[in-house]
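The block underneath contains the structure these notes are about, expressed in structure tokens.
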Amino acid sequence: MKTNTVVLLLLGSVALGFLGGVVGGVLLGDNGADPALANKVSALETRIGTAEQRMEGLDVPPPLNIAFVDAEGLFLKVFIPQVATERQSMENKQREILALREKYAAGELDQEAYQQQFLKLQTEAMLAQLSVNLGMLDKMLASGGFANIRADLQRLKDQANPLRAELERMLEQSRAGVLDPEGFMAQLQGLQGATEQLDQVLTQVAASKIVEISQRTARDEGYDLVLRKKEIVVYWDQDKI
């Protein structure tokens, strides 16, 4: 039980005991002057004074300063706008693919025409997706905040450049007409896996930078505990956190 709770209970007991003693004194004595009651009250007053002195001398620790970091929100607000143009191109290609599928489902295209157009659009969409990742990579390389890992980022870019060159070659092939659609699609799927791995690496780099900045800010501003905000947080006082 906490000390302040003990003192409150003690004070409550004293008040009740005092009231009971007074009532009893009035009932038992003609004028309420009961020596035993007087001695009891004096003893209780001494105990109250001692308890108050102890409370004043307690070293009560300050409350914890706790904060939450919205890592996902920061990623969307800080990193995603850096490649807004590239992302718009990627989304446009995805809409074109959807429209092509609708035309094919409506019987406006035969299978061969649909297949050739789909392979070309799919290649363009993958190139657009890769442009998003390479654009983000270029932003990180140019930022002083990533200076400590710039060499690693440059190696990552050097590894990604051949991927772009291969996709550009396949795009030229798709525009001329694909002779082996199944083989072409298998190549695209392999390149898609490499593109997704690059995206995952860059996402992890961005997340690590957010954690690094959060830790430094917490130390500088005197926070005791910083948690990552997730969907399990159902309420927080925005004036304090």
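These values consider heavy atoms only, across backbone and side chains, with no hydrogens, waters or symmetry-generated copies.
Here the side chain of Gln173 pairs no donor or acceptor atom with the backbone of Val178 at under 3.5 angstrom. With hydrogens and angles disregarded, no donor-acceptor distance shorter than 3.5 Å links the side chain of Arg150 to the backbone of Ala142. Although no hydrogens or angles enter the test, the distance criterion places no donor-acceptor pair under 3.5 Å between the side chain of Ser143 and the main chain of Lys139. Within the 3.5 Å criterion, the main-chain N or O of Asp224 finds no donor-acceptor partner in the side chain of Asn65.
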Problem - Asp70 vs Lys77, side chain to side chain contact (heavy atoms under 4.5 Å, CB included): CA-CA, chis, key distance, verdict - result: CA-CA 11 Å; Asp70 185 1; Lys77 291 179 181 179; 6.0 Å; no
Practice task
Go through Gln192 and Glu196 one step at a time and tell me if the side-chain hydrogen bond (donor to acceptor under 3.5 Å, both in side chains) criterion holds.
Solution key: CA-CA 6 Å; Gln192 178 69 34; Glu196 291 176 353; 3.1 Å; yes
Problem - side chain to side chain contact (heavy atoms under 4.5 Å, CB included) evaluation trace for Gln115 with Glu182 - result: CA-CA 10 Å; Gln115 193 173 52; Glu182 293 184 0; 5.7 Å; no
Handout entry: Residues Asn92, Glu96; criterion side-chain hydrogen bond (donor to acceptor under 3.5 Å, both in side chains); working and verdict
Key = CA-CA 6 Å; Asn92 290 341; Glu96 288 183 42; over 6 Å; no
Handout entry: Derivation and outcome, side chain to side chain contact (heavy atoms under 4.5 Å, CB included), residues Lys157 and Leu153
Key = CA-CA 6 Å; Lys157 182 178 180 180; Leu153 293 175; over 6 Å; no
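Closest heavy-atom contact between Ala160 and Leu198: CB-CD2, 3.9 Å. Pairing each heavy atom of Ile80 with each of Met136, the nearest pair is N-CE, 4.4 Å. Closest non-hydrogen pair, Ala125 versus Met90, comes out as O-CG, 4.4 Å. Between Asp199 and Asn133, the closest heavy-atom pair is OD1-OD1, 3.0 Å. Listed here is the closest heavy atom pair of Arg87 and Val132: N-CG2, 3.6 Å. In this structure, Val226 and Ala218 approach most closely via the heavy-atom pair CG2-CB, 3.5 Å.
Residues Met126 and Gln189 are not in side-chain contact: their nearest non-hydrogen atoms beyond the backbone lie 4.5 Å or more apart. At a threshold of 4.5 Å between non-hydrogen side-chain atoms, the residues Leu64 and Leu225 do not count as touching. Two residues are said to be in side-chain contact when any heavy atoms from C-beta on lie closer than 4.5 Å; Thr123 and Leu191 fail this criterion. Inter-residue side-chain proximity for Leu163 and Glu166 is flagged as unmet; no heavy-atom pair is nearer than 4.5 Å. Using a 4.5 Å heavy-atom threshold, the side chains of Val205 and Phe146 count as touching.
Note: Leu134 CG to Arg164 CZ = 5.0 Å, rounded to the nearest 0.5 Å. Atom CD of Gln159 sits about 10.5 Å away from atom CD of Gln154, to the nearest 0.5 Å. Between atom CG of residue Leu119 and atom CG of residue Leu171 there is a gap of 11.5 Å, rounded to the nearest 0.5 Å. The CG atom of Leu167 sits 4.5 Å away from the CG atom of Leu127 when rounded to the nearest 0.5 Å.
With sequence neighbours left out, Arg101 forms a side-chain hydrogen bond (donor to acceptor under 3.5 Å, both in side chains) with no residue at all.
Atom CG of Leu179 has 12 or fewer neighbouring heavy atoms from other residues, nucleotides or ligands inside a 6.0 Å radius.
Checking each of Gln122, Gln88, Glu124, Gln129 against Lys93 for a side chain to side chain donor-acceptor pair (under 3.5 Å) leaves exactly one that passes, namely Glu124.
Sequence neighbours left out, the pairs with a member in residues 94-117 that pass ring pair (Phe, Tyr, Trp, His ring centres under 6.0 Å) are Tyr104-Tyr114, Tyr114-Phe118. The side chain to side chain donor-acceptor pair (under 3.5 Å) analysis of residues 202-212, with sequence neighbours excluded, yields the pairs Lys209-Glu212.
By the criterion of side-chain heavy atoms lying less than 4.5 angstrom apart, applied directly or through intervening Ile, Leu, Val, Met, Phe, Trp or Tyr residues, Leu100 is not grouped with Leu98; the two fall into different hydrophobic clusters. Follow the hydrophobic side-chain contacts under 4.5 Å out from Ile210 and you reach Val78 in the same cluster. In terms of hydrophobic clustering, with Ile, Leu, Val, Met, Phe, Trp and Tyr side chains grouped at heavy-atom distances under 4.5 Å, Leu76 and Leu202 are assigned to a common cluster.
Salt-bridge annotation for Glu172 and Arg169: absent, with no side-chain N of the basic residue lying under 4.0 Å from a carboxylate O of the acidic one.
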